[in-house]
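Structure first, then comments.
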Number of protein chains: 2
Amino acid sequence: MKQKTPTGTVLYSIEQAIKEYRKVCQKNIQKIVNDITVDQCLVLIILNDNEKISQIEIAKLIFKDNASITRIIELMVKKDYLTREIDEFDKRKTKLIITEKGKKTVVLLSPVFELNRETALDGISAEEIELLDKILHKIISNCKTS
Amino acid sequence: MKQKTPTGTVLYSIEQAIKEYRKVCQKNIQKIVNDITVDQCLVLIILNDNEKISQIEIAKLIFKDNASITRIIELMVKKDYLTREIDEFDKRKTKLIITEKGKKTVVLLSPVFELNRETALDGISAEEIELLDKILHKIISNCKTS
DNA sequence: AAAAATTATTTGATATATCAATTATTTATT
DNA sequence: AATAAATAATTGATATATCAAATAATTTTT
């Protein structure tokens, strides 16, 4: 039976799913490295794959605000995962450089992300995942164009 | 082609979907009432349906931490949406009471939640929604039992 | 009944989210 | 070239997320 309250709708299943997934991620990450968050780790992995990426591009990739990225990176610099330099070709931009500690962390944590995904998607078929993705993108586009 | 980076996976579609949905919600709410957030509004609607609910139960319903609920309610009391009393039968609990302003707000905003859902789920069939919900709950249970 | 365990809420600390405004730089327009 | 518009990043303010610890009240155990 359909509930009238917002909480009973599929949109809250989406909310719940992502929250539970984030908990699993954080838990698995902290087994290996204990001073890093899921988001910081994501930034690290993205930077590792693409050294020249700007903060704004990182923000878009992980669906975050520029302001959030600034602060996430600030903390990562403090914790010696990254250093920052001004981009010489466009002085508005910053060049983000992974430190040795950062590089080691990527190596340690990349497999954890693999594990997280496998944990979350266990027993769900490739077709189901594809369908899930398709419906979610429909929702995303509905919201964006509203 | 499947990406190896975490960002390319369906789990990030989930994240993106819920973020876009929340933006739509906030936007539609603020057209009508401009000093309330999505979460505060949810608490209001839940309380309106069930006067005797405790903070912990509210927290569970909307997948939030108890600490978050305490602070959300604090702000709602400050803004005169709620008042708080100690529960006489169990003095650990608080009794939350919707004010007149709160009641008016529920009346104003309940239809907005309906609209938000319709906006997000537009063009998605009942079968697809059911399937979406089923897969999401599989993910939720995978994460919970991991 | 006293001690121990459980429960509901709060508080502190830190991280992230969101919006608006600001700064610095670059690009486009006139 | 000077002005205006656009872009990248930062900062401030406020809300929420999360964990751990603390309070206070209630239940269970002994």
Side-chain angles (χ1 to χ4, degrees), chain A residues 15-16 18-27 29-31 33-44 52-79 81-82 84-96, chain B residues 15-16 18-27 29-30 33-44 52-79 81-82 84-96 143:
Chain A
E15 175 123 14
Q16 193 182 4
I18 199 64
K19 285 194 174 177
E20 293 297 340
Y21 179 60
R22 288 194 145 259
K23 278 187 204 165
V24 168
C25 291
Q26 191 63 51
K27 205 177 69 186
I29 286 172
Q30 295 219 314
K31 281 180 201 158
V33 178
N34 66 12
D35 73 338
I36 198 165
T37 68
V38 181
D39 291 321
Q40 290 169 11
C41 195
L42 256 180
V43 169
L44 216 49
K52 303 198 174 169
I53 199 166
S54 69
Q55 293 188 192
I56 286 190
E57 288 168 317
I58 295 175
K60 274 183 200 144
L61 264 181
I62 57 178
F63 319 118
K64 289 186 192 294
D65 196 273
N66 296 340
S68 298
I69 294 294
T70 295
R71 279 152 190 154
I72 288 173
I73 285 170
E74 227 164 58
L75 292 172
M76 293 178 75
V77 170
K78 264 192 203 154
K79 288 192 282 194
Y81 284 109
L82 299 178
R84 251 200 282 226
E85 280 175 20
I86 292 170
D87 187 303
E88 17 175 355
F89 303 108
D90 185 341
K91 287 174 190 159
R92 292 168 304 182
K93 295 188 182 178
T94 55
K95 204 162 41 169
L96 299 167
Chain B
E15 176 123 13
Q16 193 182 4
I18 198 65
K19 284 194 173 174
E20 293 297 341
Y21 179 59
R22 288 193 145 261
K23 277 187 206 164
V24 168
C25 290
Q26 191 64 50
K27 205 177 67 183
I29 285 172
Q30 294 218 316
V33 178
N34 67 12
D35 73 339
I36 199 165
T37 68
V38 181
D39 291 320
Q40 289 170 9
C41 195
L42 255 180
V43 169
L44 217 49
K52 302 196 174 170
I53 200 167
S54 70
Q55 292 188 193
I56 286 190
E57 289 168 316
I58 294 174
K60 276 183 199 144
L61 264 180
I62 57 178
F63 319 117
K64 287 186 192 295
D65 195 274
N66 296 340
S68 297
I69 294 293
T70 294
R71 279 152 191 155
I72 288 173
I73 285 171
E74 228 163 59
L75 292 172
M76 293 178 77
V77 169
K78 262 192 204 153
K79 288 192 280 193
Y81 284 109
L82 299 179
R84 249 202 282 227
E85 282 175 20
I86 293 171
D87 187 303
E88 18 175 353
F89 304 108
D90 184 341
K91 286 174 190 158
R92 292 169 306 185
K93 295 187 181 177
T94 54
K95 204 163 43 169
L96 299 167
C143 290

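In what follows, chains are A, B, ... by sequence order, proteins preceding strands, each numbered from 1. Everything numeric here is computed off the predicted structure, so don't read it as measured data.
- Within the 4.0 angstrom heavy-atom criterion, no nucleotide atom of any strand lies near Asp87(A).
- A donor-acceptor pair under 3.5 Å links the side-chain atoms of Gln26(B) to the main chain of Val38(B), judged by distance alone.
- As rounded to whole Å, 16 Å separates atom C1' of dA9(D) from atom CD of Glu85(A).
- Heavy atoms of other residues, nucleotides or ligands lying less than 6.0 angstrom from NZ of Lys31(A) number more than 12.
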Might you work through the salt bridge (charged side-chain N to carboxylate O under 4.0 Å, His left out) test for Asp87(A) and Arg92(A), ending with a clear yes or no? CA-CA 7 Å; Asp87(A) 187 303; Arg92(A) 292 168 304 182; over 6 Å; no
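- Gln26(B) comes within contact range of no nucleotide atom at all, as no heavy-atom separation falls under 4.0 Å.
- Note on Thr70(B): a base of the nucleic acid sits closer than 4.0 angstrom, heavy atoms only.
- Atom CD1 in Ile72(A) sits roughly 14 Å away from atom P in dA9(D) (whole-Å rounding).
- More than 12 heavy atoms of other residues, nucleotides or ligands lie within 6.0 Å of NZ in Lys27(A), so this atom counts as buried by the packing criterion.
- Among the atoms of the strands shown, only primed sugar atoms or phosphate atoms (P, OP1, OP2) are found under 4.0 Å from some heavy atom of Glu74(B).
- Heavy-atom contacts of chain B under 4.0 Å fall on DNA chain C between two terminal nucleotides, which in 5' to 3' order are dT7(C) to dA17(C).
- A side-chain donor-acceptor contact under 3.5 Å links Lys79(A) to the backbone of Asp35(A).
- Of the residues near DNA chain D, Asn66(A) and Lys79(B), the one whose nearest nucleotide (by heavy atom distance) lies more toward the 5' end is Asn66(A).
- Asp90(B) comes within 4.0 angstrom of sugar-phosphate atoms only, judged by non-hydrogen atoms across all strands, and of no base.
- With respect to Thr94(B), the side-chain hydrogen bond (donor to acceptor under 3.5 Å, both in side chains) criterion is satisfied by exactly one of Glu85(B), Arg84(B), Gln55(B): Gln55(B).
- When atom types are taken as modelled, the side chain of Lys19(A) and the backbone of Phe63(B) share a donor-acceptor pair closer than 3.5 angstrom.
- For Gln55(A) and dT10(D), the shortest distance from a side-chain N or O to OP1 or OP2 is below 4.0 Å.
- Nucleic acid contact for Lys23(A): none, since no nucleic acid atom lies under 4.0 Å from a heavy atom of the residue.
- The residue Ser68(B) sits close to a base: some heavy atom pair falls under 4.0 Å.
- In terms of position on DNA chain D, the residue among Arg71(A) and Ile69(B) whose nearest nucleotide sits closer to the 5' end is Arg71(A).
- Nearest-nucleotide mapping onto DNA chain C: of Asp65(B) and Asp65(A), the residue sitting toward the 5' end is Asp65(B).
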